[in-house]
Amino acid sequence: FLGRKEIDDDLLEELEELFITSDIGVETTMKIIDSVRDQVDRKTLKNPEDLKNALKEQIFNILNIDNSLVQTADRPYVMMVVGVNGTGKTTSIAKMAKMFKEQGLKTCLAAGDTFRAAAIDQLCVWADRVDVPVVKQSAGSDSAAVIFDAIQSCKAKNFDVLICDTAGRLQTKVNLMKELEKIVRVAKKELPDAPHEVLLVLDATSGQNALSQALKFHEDVGLTGLVLTKLDGTAKGGAIIGIVDELRVPVKFIGFGEGIDDLKPFDAQNFVEALFD
Amino acid sequence: TLNDKLNGVFKKLKKQVRLDENNITEALKMVRMALLEADVNYKVVKNFIGSVQAKAMGEEVLKSLTPDQVFIKIVHDELVEILGGKDYDEGKIRLNSQPPTVIMMAGLQGSGKTTSAGKLAGLLMKQKRNVLLVAGDIYRPAAIDQLETLGKQLNCDVYSDRQSRDAVKIAADALAYAKKTAKDVVIIDTAGRLHIDEELMAELVRTKEAVTPDEILFVADAMTGQDAVNVAKSFNESLEATGIILTKMDGDARGGAALSIKEVTGKPLKFIGTGEKMTEFEAFYPDRMASRILG
Ligand SMILES: Nc1nc2c(ncn2[C@@H]2O[C@H](COP(=O)(O)OP(=O)(O)OP(=O)(O)O)[C@@H](O)[C@H]2O)c(=O)[nH]1
Ligand SMILES: Nc1nc2c(ncn2[C@@H]2O[C@H](COP(=O)(O)OP(=O)(O)OP(=O)(O)O)[C@@H](O)[C@H]2O)c(=O)[nH]1
Ligand SMILES: [Mg+2]
Ligand SMILES: [Mg+2]
């Protein structure tokens with residue numbers, strides 16, 4: 001819309017289309033556009049370029065909250081990775097493990113997905129590639145027991161970081177969400193402040209259901225951060241704007257590929273720029 | 001629900017004998033909102049609202065009905081029609097008169113291809129077919145193990161080649177093996193890939209050329225958002241899909257992607273995944289999907 005000379009209804013409709021097709025959602029889109037509508041009506045925003053910058057600023061302000069990892073004196077630093085099926089939890093854990101290892105942190109993984117076919121095998125292949133140990137039990141064993149063991153073992157062996165994989169689960173499945181709550185309770189028996197970090201992994205291709213996922217997971221186990229994956233596709237991942245706006249839980253990392261190096265800390269500025277591309 | 005909202009809109013209008021521009025403008029806005037909230041693509045919604053408007057204008061309200069009932073029926077019926085009301089291809093696999101029937105799975109990473117391949121094998125085995133699952137994903141860690149585990153659960157033969165770095169050759173060899181062992185159906189699981197990954201999309205096309213599938217099933221996640229049109233269009237243009245599977249329908253995603261995908265590809269929505277178990281697989285029902293999308 002840079003070709004336009006003035007702000008008119010056509011331009012606003014074009015912006016609405018850009019936002020909605022980026023999965024920002026109707027409600028959040030209206031909220032963002034309404035927030036600048038006042039300036040438009042009062043003519044303090046006169047041209048399309050100013051409007052675009054005002055919108056970018058609105059979104060940036062929503063997203064730009066402290067997204068550093070939770071600080072603690074505890075060892076190990078326990079991270080739990082959760083989310084619905086297929087979003088990229090296991091792969092993201094492998095990427096984070098490499099990242100921590102390169103920072104000189106003694107890292108261990110816990111094979112907490114004891115349910116899905118070959119889930120433990122999958123995590124073990126990654127652990128081998130990154131050269132970090134995995135605490136695991138046989139398939140079908142109790143996920144909470146595996147994670148409890150892992151914390152115990154990491155405490156004994158002075159590990160710096162423990163990243164726990166969990167089985168994918170739809171937020172609407174009450175018994176599976178209860179299992180996740182149990183994992184957190186059991187972890188606290190071994191380390192009262194664990195898990196220090198609970199990351200919800202969201203797929204950038206998701207639509208508005210991502211909000212429902214975030215709300216439910218946050219309500220049930222408490223989230224400290226989000227990981228947005230598959231940004232190497234054509235989806236914009238705009239659903240996180242409404243999520244961050246509502247929960248004030250920051251996006252900590254983004255995944256942009258299937259390779260071990262395809263993860264980096266979330267940068268609100270870059271995200272907003274990409275949205276308007 | 002949308003029904004309640006529309007009820008409210010029409011209640012404000014006095015006894016209407018006919019649907020006209022005045023009384024349906026507000027109602028159309030509500031339907032548009034409902035569809036966008038359900039993740040139906042922006043442009044698909046625009047076209048849909050246009051069709052509904054055209055069908056609703058001048059529609060007579062019979063004495064036995066209220067304007068909102070007439071309106072919602074037009075919306076619902078239009079949605080059902082697009083979703084496949086006239087297709088009758090739901091829940092069916094096109095079997096080749098010359099076995100084996102070859103089925104190829106395709107779709108984005110994590111959409112549910114491997115799980116759906118197992119479910120499809122289970123379904124066909126119940127129909128007394130001799131099925132061969134093919135572990136065509138040579139990239140994802142433990143992908144072969146995953147399919148082999150499902151195969152064991154189903155008591156279904158799985159063809160794999162752990163040494164091969166050539167997915168196309170694996171498919172071709174699997175087909176030769178299937179013919180030799182008199183299989184009725186071959187289901188080829190493929191690696192998840194992006195529609196914009198030229199190399200991997202070309203691999204899929206070469207696989208298709210090597211085994212000439214009777215069915216190419218595009219597997220999509222029910223929670224997919226606006227990008228569903230771009231992905232589906234790309235996959236369909238490269239491969240000419242023959243059917244669509246919508247997974248994770250056991251969640252609460254409204255599933256608007258179904259409408260977007262159907263609209264942009266024209267291909268039949270055949271099955272839905274309703275859970276992680278091998279039995280959680282059903283035929284797609286247009287009218288149930290329509291109600292779910294409208295909310
Ligand atoms: N293109 C792309 N693919 C990704 C990304 N992250 C993960 N994937 C792929 O997505 C698929 C699913 O990843 P997993 O790590 O198994 O996802 P998960 O959440 O652990 O899945 P479940 O445990 O089954 O719930 C795999 O094919 C990954 O390679 C990403 O950032 N980009
Ligand atoms: N709840 C639910 N989960 C499903 C359904 N279909 C698949 N899943 C789960 O979704 C996740 C991904 O499924 P996969 O079959 O591994 O997906 P995929 O497309 O083969 O993934 P890639 O090979 O990595 O591209 C797994 O955790 C499955 O158990 C479904 O219908 N409902
Ligand atoms: Mg996993
Ligand atoms: Mg797979």
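Bear in mind the structure is a predicted one, so any value in this text is a computation, not a measurement. The sequence lines fix the lettering, A, B, ..., with proteins before strands; numbering per chain opens at 1.
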Student: Hey, are the side chains of Met223(B) and Val84(A) touching, using non-hydrogen atoms and a 4.5 Å cut-off?
Tutor: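 Counting from C-beta outward, Met223(B) and Val84(A) do come under 4.5 Å.
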Student: Do other residues, nucleotides or ligands put more than 12 heavy atoms under 6.0 Å from the NZ atom of Lys136(A)?
Tutor: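 It does not: Lys136(A) NZ has 12 such atoms or fewer within range.
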Student: Step through the shown structure and confirm whether more than 12 heavy atoms of other residues, nucleotides or ligands are within 6.0 Å of CZ on Arg292(B).
Tutor: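 Yes, enclosed.
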Student: Could you tell me the separation between the CE atom of Met30(A) and the CE atom of Met33(B), rounded to the nearest 0.5 Å?
Tutor: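 Going from the CE atom of Met30(A) to the CE atom of Met33(B) covers 4.0 Å.
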Student: In Å and rounded to the nearest 0.5 Å, what is the CG to OG1 distance from Leu194(B) to Thr234(A)?
Tutor: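 One gets 8.0 Å once the value is rounded to the nearest 0.5 Å.
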Student: Just so I understand: if I count every heavy-atom pair under 4.5 Å between each of Arg254(B), Arg140(B), His195(B) and chain A, which residue has the most?
Tutor: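 So the answer, after comparing Arg254(B), Arg140(B), His195(B), is Arg140(B).
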Student: Inspect the surroundings of NZ in Lys216(A) and state if more than 12 heavy atoms from other residues, nucleotides or ligands are less than 6.0 Å away.
Tutor: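 More than 12 within 6.0 Å, yes.
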Student: By ring pair (Phe, Tyr, Trp, His ring centres under 6.0 Å), which residues pair with Phe253(A), not counting sequence neighbours?
Tutor: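 With neighbours one apart ignored, the set is empty.
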Student: What's the spacing between Ile120(A) CD1 and Asp145(B) CG if we round to 0.5 Å?
Tutor: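 Nearest 0.5 Å value for the CD1-CG distance: 11.5 Å.
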Student: Picking from Asn41(B), Asp250(B), Thr247(B), which has the most non-hydrogen pairs under 4.5 angstrom with chain A?
Tutor: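 Going by pairs under 4.5 Å, I would pick Asp250(B).
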Student: So which of Asp227(B), Ile196(B), Thr114(B), Val229(B) has the largest heavy-atom pair count under 4.5 angstrom toward chain A?
Tutor: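 Ranked by contacts with chain A, first place is Asp227(B).
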Student: Give a yes or no on this: more than 12 heavy atoms of other residues, nucleotides or ligands lie within 6.0 Å of atom NZ of Lys31(A).
Tutor: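 At most 12 heavy atoms, drawn from other residues, nucleotides or ligands, come within 6.0 Å of this atom.
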Student: Do other residues, nucleotides or ligands put more than 12 heavy atoms under 6.0 Å from the NZ atom of Lys173(A)?
Tutor: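 Enclosed: over 12 neighbouring heavy atoms sit under 6.0 Å from NZ of Lys173(A).
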Student: So, taking the atom named CG in Asp252(B) and the one named CD in Gln213(A), what distance separates them when rounded to the nearest 0.5 Å?
Tutor: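 Nearest 0.5 Å value for the CG-CD distance: 8.5 Å.
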Student: What residue, out of Gln226(B), Lys248(B), Glu148(B), has the most heavy-atom pairs lying under 4.5 Å from chain A?
Tutor: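 If we count pairs closer than 4.5 Å to chain A, Gln226(B) comes out on top.
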Student: Can you tell me how far the CD atom of Glu27(A) sits from the CG atom of Leu36(B), to the nearest 0.5 Å?
Tutor: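 If I round to the nearest 0.5 Å, the distance is 13.0 Å.
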Student: Pick one of side chain, backbone, both or neither for Lys236(A), based on which atoms fall under 4.5 Å of a heavy atom in chain B.
Tutor: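 Lys236(A) has no heavy atom closer than 4.5 Å to chain B.
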Student: Pick one of side chain, backbone, both or neither for Ser212(A), based on which atoms fall under 4.5 Å of a heavy atom in chain B.
Tutor: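 The side chain, not the backbone.
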Student: Below 4.5 Å, heavy atoms only, C-beta onward: do Asp221(B) and Thr205(A) meet side chain to side chain?
Tutor: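 No. Closest side-chain heavy atoms not under 4.5 Å.
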Student: Is it true that, when you exclude Asn175(A) itself, more than 12 heavy atoms of the residues, nucleotides or ligands shown sit nearer than 6.0 Å to its CG?
Tutor: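 It does: Asn175(A) CG has more than 12 such atoms within range.
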Student: Show the nearest heavy-atom pair for residues Ala117(A) and Leu150(B), with the distance to one decimal.
Tutor: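 That would be CB-CD2, 4.0 Å.
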Student: Counting heavy-atom pairs under 4.5 Å with chain B, which one of Glu17(A), Glu16(A), Gln171(A) comes out on top?
Tutor: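 Of the candidates given, the most pairs with chain B belong to Glu17(A).
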Student: Quick check for you: to the nearest 0.5 Å, what is the distance between Ile144(B) atom CD1 and Asp121(A) atom CG?
Tutor: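 Going from CD1 on Ile144(B) over to CG on Asp121(A), the span is 12.0 Å.
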Student: Count the heavy-atom pairs under 4.5 Å between each of Asp232(A), Asp203(A), Leu123(A) and chain B, then report the option with the highest count.
Tutor: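 When all of Asp232(A), Asp203(A), Leu123(A) are compared, Asp232(A) has the most.
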Student: Might you confirm whether atom CG of Asp4(B) has over 12 heavy atoms from other residues, nucleotides or ligands at distances under 6.0 Å?
Tutor: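 Yes.
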Student: Tell me, out of Glu37(B), Gln153(B), Glu276(B), who's got the most heavy-atom pairs with chain A below 4.5 Å.
Tutor: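 Highest number of pairs under 4.5 Å: Glu276(B).
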Student: Out of Ser111(B), Gly110(B), Gly112(B), which one racks up the most heavy-atom pairs below 4.5 Å with chain A?
Tutor: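 Maximum pair count with chain A is reached by Gly110(B).
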Student: Strictly distance-based, threshold 3.5 Å: is any side-chain N or O of Lys230(A) a donor or acceptor partner for the main-chain N or O of Leu108(B)?
Tutor: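 Absent.
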Student: For Ala142(B) and Ala118(A), which heavy atoms make the closest approach, and how far apart are they?
Tutor: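 Smallest interatomic distance, heavy atoms only, reads O-CB, 3.8 Å.
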